[in-house]
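Below is one structure. I have some questions about it.
Here is how names work: the chains are called A, B, and so on, in the same order as the sequence lines, proteins then strands, and each is numbered from 1. This one's a predicted model, so the numbers in the text were calculated from it and none came from an experiment.
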Number of protein chains: 2
Amino acid sequence: MDDTKLTVRAVERALDILSLFTDETELSLTEIAAKTELHKSTVHRLLASLEGKGYLVRNAETEKYRIGFRIWELAANMSQSDDPGVLLQPEMERLRDSLGETISLYVRDGNERIRIQAVQSNQAIRRVAPIGARLPLSVGASSKVLIAFAEPDEQAQLLQELEWASPADRDAFVGQLGDIRRLGYATSIEEREPGAAAVSAPIYNRAHKLVAALGVSGPSNRLTLEKMKEHAMLIIEGANRMGKMLK
Amino acid sequence: MDDTKLTVRAVERALDILSLFTDETELSLTEIAAKTELHKSTVHRLLASLEGKGYLVRNAETEKYRIGFRIWELAANMSQSDDPGVLLQPEMERLRDSLGETISLYVRDGNERIRIQAVQSNQAIRRVAPIGARLPLSVGASSKVLIAFAEPDEQAQLLQELEWASPADRDAFVGQLGDIRRLGYATSIEEREPGAAAVSAPIYNRAHKLVAALGVSGPSNRLTLEKMKEHAMLIIEGANRMGKMLK
DNA sequence: AACTGAGTTTCATATAATGAAACATGTGGA
DNA sequence: TCCACATGTTTCATTATATGAAACTCAGTT
């Protein structure tokens, strides 16, 4: 019981309340109290603080709370850069820290993919991913993602144009695409680099266009099948978050 | 000393810290401590809470704090509607509550203006402003704003086309435009409605285009010259805030 | 090596956040 | 009309909890 807490409970509670508004657009005090399992008295004070500072606004008609203008002010300030590689780096670092493995960001460029950003694992044995590397679209988890989630016509064209080592390779690749779309992520084990495995998920921008693939990769003995499934969830989550940062 | 506090201090402090990021994009712990005049120990804990919940992220290189992904998630959720009238209503209500006077929102439609939104004062004597009303562009504080801050070519055309009661009226109107641009707001006293006065400021969207005029209006005996100056500051502030909500 | 400055952790203390309960207000049902 | 119920607001005693001083790292300077 000595989990030394370096955080402030009241603040965490307030922020949790604020986070509720990522799902719902309007919430009443009692709804919030129910969702957070806090006493309405406590919620009332926290809401007053949030409202007083402009982070929530009260809809005079419905009496419910909505997100306030402060959020816009903050959001307006963050979008200085449009470059996903720059924009997403901090989030990728977060992800690296929680997964402990190298995180890469790929965009498709014609019939290739480019690693436009990467943050390296800091474990002794790690996958090192050079930024700027151009890689084939025919192998690797992120390649599958970039193809599986491409627009149908683009996808068809890519599958025509791309070259595989053998027709069997091609069929194996194509055969996976359906599952990948269904699961929302792709994996690869020792496909391009011996000893390396990866999990990848698509990043859609706010306009719902596929813009990149986000991947985690590491030594295949550390990325067991089980671990990969766990990582997949976090990669998908992270990719969704990041997508909201891109217009 | 009985200022009954219905808010939570720790939360307010945390939110104040977050608000610092509307101006600066990156801040270190000590910078934050200095700006907020809080002990670095306190700031440290608040920052840990904010970071833990994703409202701030640490730039691994600079060690400084930046706005986190949560803000995007929240911002993404709020922009369901693009209609300024709908979007700005809660903010207008806020403003109404702090000024105690009727708040109106006007857009220009050709050679007229339309009151696309209004929230009414709740004082006994109040200006009642019907939504949807079409009004002339040649009188009233908001008309002056919509013309003074229009694009130069549009402005020139409007000044040509609009009709005034007399050439003297026209000259008086045109003569004010320079001051209005300089001050950032316009006023009118008993111009269109006898007994009514108003203050108005432009709303620019995030692309820096003039989209509307935000006005406060009330009985001219309550809106003294002094009061109008005070209100002008708040209207300008509010208009800036609201502009950030419009793309 | 000593010094500065930024960040982090520890710790005793009193403040300040808490939750129960009472109060207020409003709405719909009987 | 009156009662019941739900939602929001305020009060208040209690103690947990946030606080700030100080001590402690850890780097980078001189």
Task: Under 4.0 angstrom between R13(A) side-chain N/O and dA17(C) OP1 or OP2 - done: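 No.
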TODO: May I ask you to check whether S49(B) and E12(A) show a side-chain donor-acceptor distance below 3.5 Å?
DONE: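 The answer is no; no qualifying pair exists.
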Open item on the list: R241(A): which residues meet the side-chain hydrogen bond (donor to acceptor under 3.5 Å, both in side chains) condition with it, sequence neighbours left out?
Closed with: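 Per chain and number, R241(A) pairs via side-chain hydrogen bond (donor to acceptor under 3.5 Å, both in side chains) with no residue.
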Task: Gap between atoms CZ and P, on R9(A) and dA17(C) respectively (whole Å) - done: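 In whole Å, dA17(C) P and R9(A) CZ are 11 Å from each other.
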TODO: Could you check if a side-chain atom of I17(B) sits within less than 4.5 angstrom of a side-chain atom of L50(B), using non-hydrogen atoms only?
DONE: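 Side-chain contact under 4.5 Å: yes.
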Open item on the list: Could you measure the distance from the CD atom of E26(B) to the CZ atom of R58(B)? Nearest 0.5 Å is fine.
Closed with: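 These two atoms lie 11.5 Å from each other.
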Task: For atom CG of L46(B) and atom C1' of dA17(C), their distance in whole Å - done: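 Spelled out: CG on L46(B) to C1' on dA17(C) is 14 Å.
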Would you be so kind as to tabulate the donor-acceptor pairs closer than 3.5 Å made by side chains of residues 222-230 of chain A, with sequence neighbours excluded?
unit_1	atom_1	unit_2	atom_2	d
R222(A)	NE	E101(A)	OE2	2.6
R222(A)	NH1	Q123(A)	OE1	3.2
R222(A)	NH1	I125(A)	O	3.0
R222(A)	NH2	E101(A)	OE1	3.0
R222(A)	NH2	E101(A)	OE2	3.4
R222(A)	NH2	I125(A)	O	2.6
T224(A)	OG1	K227(A)	N	3.1

For nucleotides 3-10 of chain D, list the nitrogen or oxygen atoms of the protein found under 3.5 Å from its nitrogen or oxygen atoms, one pair per line.
unit_1	atom_1	unit_2	atom_2	d
dG8(D)	OP2	T30(A)	N	3.0
dG8(D)	OP2	T30(A)	OG1	2.8
dG8(D)	N7	K40(A)	NZ	3.2
dG8(D)	O6	K40(A)	NZ	2.9
dT9(D)	OP1	R58(A)	NH1	3.1
dT9(D)	OP2	H44(A)	NE2	3.1
dT9(D)	OP2	R58(A)	NH2	3.4
dT9(D)	O5'	H44(A)	NE2	3.3
dT10(D)	O4	S41(A)	OG	3.3

TODO: Examine R113(B) relative to Y106(B) and say whether NZ or CZ is less than 6.0 Å from the centre of the six-membered ring and inside a 45° cone about the ring axis.
DONE: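 Judged by the rule (NZ or CZ under 6.0 Å from the ring centre, within 45° of its axis), R113(B) counts as positioned above Y106(B).
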TODO: Indicate whether OP1 or OP2 belonging to dT18(C) is found under 4.0 Å from a side-chain N or O atom of T42(A).
DONE: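 No, because none of the side-chain N or O atoms of T42(A) sits under 4.0 Å from OP1 or OP2 of dT18(C).
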